[in-house]
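See below for the structure under consideration.
Every heavy atom of this structure was used, including side-chain atoms; hydrogens, water molecules and symmetry mates were not.
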Amino acid sequence: EVREWQVRPVLVSAGKVGETIQAAMLEHRRVPIEREAALHAGHLIGARLARAVEPGCALYADDVVRELLVQVGGSLLL
């Protein structure tokens, strides 16, 4: 069996459903990657956890929920 290991951000402590991920909650560790799409820190900070996550695990897109900042048809000032 071949396992791929990469340095990825992981939660320092267990995360609860709905908790917003902050930079202080993450640290980079060498972890086994089960799926190809493990997220980088830039994709995690500010997202909410979609499920409870144990510390030390790589996070994937289905582990987090991104907030919708602008509704369809809403105004946006640039």
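- Residues satisfying the salt bridge (charged side-chain N to carboxylate O under 4.0 Å, His left out) criterion with Arg3, sequence neighbours excluded, are Glu34.
- Val7 meets the side-chain contact (heavy atoms from CB on, under 4.5 Å) test with His28, Arg30; sequence neighbours excluded.
- Put simply, CD1 on Ile21 and CD1 on Ile45 are 9.0 Å apart, with the number rounded to the nearest 0.5 Å.
- The closest side-chain heavy-atom distance from Gln6 to Val31 is not below 4.5 Å.
- When every heavy atom of Arg66 is checked against every heavy atom of Ala47, the shortest pair comes out as NH1-CB, 3.2 Å.
- Val65 and Leu59 are members of different hydrophobic clusters when ILVMFWY side chains are connected at heavy-atom separations under 4.5 Å.
- For Ile33 against Ala38, the heavy-atom pair with the smallest separation is CD1-CB, 3.8 Å.
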Could you go through residues 11-20 and list every donor-acceptor pair under 3.5 Å that involves a side-chain atom there, pairing it with any protein atom two or more places apart or in another chain?
residue, atom, partner, partner atom, Å
Glu19, OE1, Lys16, N, 2.9

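- Applying the salt bridge (charged side-chain N to carboxylate O under 4.0 Å, His left out) rule to Arg48 yields the partners Glu67; only residues at least two apart in sequence or on another chain are considered.
- Separation of atoms CZ (Arg8) and OH (Tyr60) is listed at 8.0 Å; rounding is to 0.5 Å.
- As a member of the Ile/Leu/Val/Met/Phe/Trp/Tyr network built from side-chain separations under 4.5 Å, Leu77 groups with nothing else and remains a singleton.
- Grouping the Ile, Leu, Val, Met, Phe, Trp and Tyr side chains by contacts below 4.5 angstrom, directly or via other members, places Leu26 with Leu49.
- The salt bridge (charged side-chain N to carboxylate O under 4.0 Å, His left out) test applied to Glu4 returns no partner, not counting sequence neighbours.
- For the atom pair CG (Leu44) and CD (Gln22), the distance works out to 12.0 Å, reported to the nearest 0.5 Å.
- Between Ala41 and Pro9 the shortest heavy-atom distance is N-CG, 3.4 Å.
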